[in-house]
Protein chains: 2
Amino acid sequence: MPRPNRTKEKRAELMPIVASAFSELGYRKATTKALAERCGVQENILYRLWADKKAMFVASIDYLFESTMRQWQTLIDAAEADPAGGTAAERILAYDAAHRGDSGFYRITFAALSETDDPDVRAALKRMYSKFTGVIESQIEGHRGHAAGPSRGGELPGAAVAAWAVLGVATAADIGRETGLLSAAKRKRLVAEAGRWLLEGAGG
Amino acid sequence: MPRPNRTKEKRAELMPIVASAFSELGYRKATTKALAERCGVQENILYRLWADKKAMFVASIDYLFESTMRQWQTLIDAAEADPAGGTAAERILAYDAAHRGDSGFYRITFAALSETDDPDVRAALKRMYSKFTGVIESQIEGHRGHAAGPSRGGELPGAAVAAWAVLGVATAADIGRETGLLSAAKRKRLVAEAGRWLLEGAGG
DNA sequence: AGATTTAGTTAGTATTAGCTTACACAAACT
DNA sequence: AGTTTGTGTAAGCTAATACTAACTAAATCT
């Protein structure tokens, strides 16, 4: 029988390019023509890999989320291997404070958030934020359980609330970056300080 | 001489309709046709009031921001008139916790945040967030200065950081609403708890 | 009334968007 | 070799979008 199907590989090859195009351009300006050009293929090809433009966008959301999760997982693994270097929550927070927004991932979330009347986009976003806050929440719980130091006990917001708040603070950093209102140093302080504050209510 | 120019009045009349259209539909789906239909006029007319679609969008951003500020101002005035009922910061927080997102204002900010490669849109956003965080910051300072109760002093994040964090938490509430991941009650808790926490580090 | 500017209506244009068709070539199999 | 399926290239199609032009009617003035 005939030549083998390389669709999956091709999709994997173009996915990062498509995702970064959506990140940089937003949904509207990431025209199918622009996407194809960046991929160095004809528009045609993209339509053999994904049903339509929206599918390319949704796939980009999933892809970028999973990239982030892989990154986090290495930090979680590192924390497990070497507990003395801080909890996973602390490491993620520190990493995020230093690199928040570097990937431009947040830009795609803004694009998605203004396309939420589409059920597929909304579903992808929901998936993403649900998993994100879930992971953050369990990391916060893990941190509060295992970390020494002055706990503020009952006064602390619940882990679920704190998780959403942490996510919000990170988003604020993104907005500060996007508008040019917050320098890299200030963004770092924002994520680190407010994040730590929400994590355990202590000044570090 | 000839008939008087009603341009300003007409603009003021249509502005809320245009703004709500952008809020509901996002930039992309708020076509000039759709905008005109909602306004009950021909597209033509809109182009006599604003230079182009982008100008309508930017005007909407400014308009919605100013609406919010007027709302806040009444709370600030009320706090000044009756200090016993809580500081302005507390009132704004409480109000926001209860009504966050009702206006759909946040939807336009998401749309704007994915159009930031346009200098005019970026400038409008920058203006908006700059004023917002400025007001929040001064309210936080006012609160910390005047409020009684257990202060956590040096451990608190600076007012500027706290202002951005509060804004972020509010945005997280918007995301939770938009994705359907946070119920009204949970959003309220999020804004109230995390907000209060960031405001003064006390459990209320 | 007549001049002059605004307001409303209708129609239209140029471009571009997303998406498809058609066809030649390449690679795997029997 | 021949068949079959996958891949690449080129062109094109339809619908919609942002934006304009042309014209009529209505106000306000002298």
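Within every chain, numbering begins at 1; the chains are lettered A, B, ... in the order of the sequence lines, protein sequences first and strands thereafter. As a basis for the values below, the full set of heavy atoms in this structure was taken, side chains included, without hydrogen atoms, waters or symmetry mates.
Other residues, nucleotides and ligands place no more than 12 heavy atoms under 6.0 Å from the CZ atom of Arg189(B).
Among the heavy atoms of the strands lying under 4.0 Å from Arg6(B) are primed sugar atoms or P, OP1, OP2 only; no base atom is included.
Leu46(A) places its CG atom 11 Å from the C1' atom of dC19(C), with the value rounded to the nearest Å. Distance Phe57(A) CZ to dG18(C) P: 13 Å, rounded to the nearest Å. A straight line from CG of Asp52(A) to P of dA17(C) spans 17 Å, rounded to a whole angstrom. Across the protein-nucleic acid pair, Arg48(B) atom CZ and dT5(C) atom P stand 15 Å apart, rounded to whole Å. Between the CG atom of Asn5(B) and the C1' atom of dA26(D) there is a distance of 15 Å, given to the nearest Å. The CZ atom of Arg11(A) sits 13 Å away from the P atom of dG6(D) (whole-angstrom rounding).
Arg177(B) contributes a side-chain N or O that, together with a main-chain N or O of Arg100(B), makes up a donor-acceptor pair within less than 3.5 Å.
Among residue pairs with one or both ends in residues 48-57 of chain B, those qualifying as side chain to side chain donor-acceptor pair (under 3.5 Å) are Lys54(B)-Asp118(B), Lys54(B)-Asp120(B); sequence neighbours excluded. For residues 7-29 of chain A, every residue pair satisfying the salt bridge (Lys or Arg N to Asp or Glu O under 4.0 Å) rule, not counting sequence neighbours, is listed here: Arg6(A)-Glu9(A), Lys10(A)-Glu13(A), Glu24(A)-Arg38(A), Arg28(A)-Glu115(B), Lys29(A)-Glu115(B), Lys29(A)-Asp117(B).
With distances taken from any side-chain atom of Tyr47(A) to the nucleotides dG18(C), dG8(D), dT20(D), the minimum falls on dG18(C). Across dT7(D), dC19(C), dA18(D), the shortest atom-to-atom separation from the side chain of Lys53(B) is found for dA18(D).
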Output, in order, the C-alpha distance, side-chain angles, deciding distance and verdict of side-chain contact (heavy atoms from CB on, under 4.5 Å) for Tyr106(A) and Glu178(A). CA-CA 10 Å; Tyr106(A) 66 94; Glu178(A) 199 63 13; 2.6 Å; yes
Residue pair Arg91(B), Asp77(B): steps toward the salt bridge (Lys or Arg N to Asp or Glu O under 4.0 Å) verdict: CA-CA 11 Å; Arg91(B) 288 167 192 249; Asp77(B) 292 346; over 6 Å; no
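DNA chain D is contacted by Thr31(B), Thr32(B), Glu43(B), Asn44(B) of residues 19-45 of chain B, taking any non-hydrogen atom closer than 4.0 Å. Against DNA chain C, the stretch residues 107-121 of chain B makes no heavy-atom approach under 4.0 Å.
Put simply, the residue from Thr109(B), Thr68(B), Leu64(B), Ile108(B) that forms a side-chain contact (heavy atoms from CB on, under 4.5 Å) with Met128(B) is Thr109(B).
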Would you list the atom pairs, donor with acceptor, under 3.5 Å between side chains in residues 135-142 of chain A and any protein atom, with sequence neighbours excluded?
| unit_1 | atom_1 | unit_2 | atom_2 | d |
| --- | --- | --- | --- | --- |
| Ser138(A) | OG | Val135(A) | O | 3.0 |

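Asp62(A) meets the salt bridge (charged side-chain N to carboxylate O under 4.0 Å, His left out) test with Arg127(A); sequence neighbours excluded.
A residue-by-residue look at Pro4(B) and Ala51(B) shows that Ala51(B) has its nearest nucleotide of DNA chain D further toward the 5' end.
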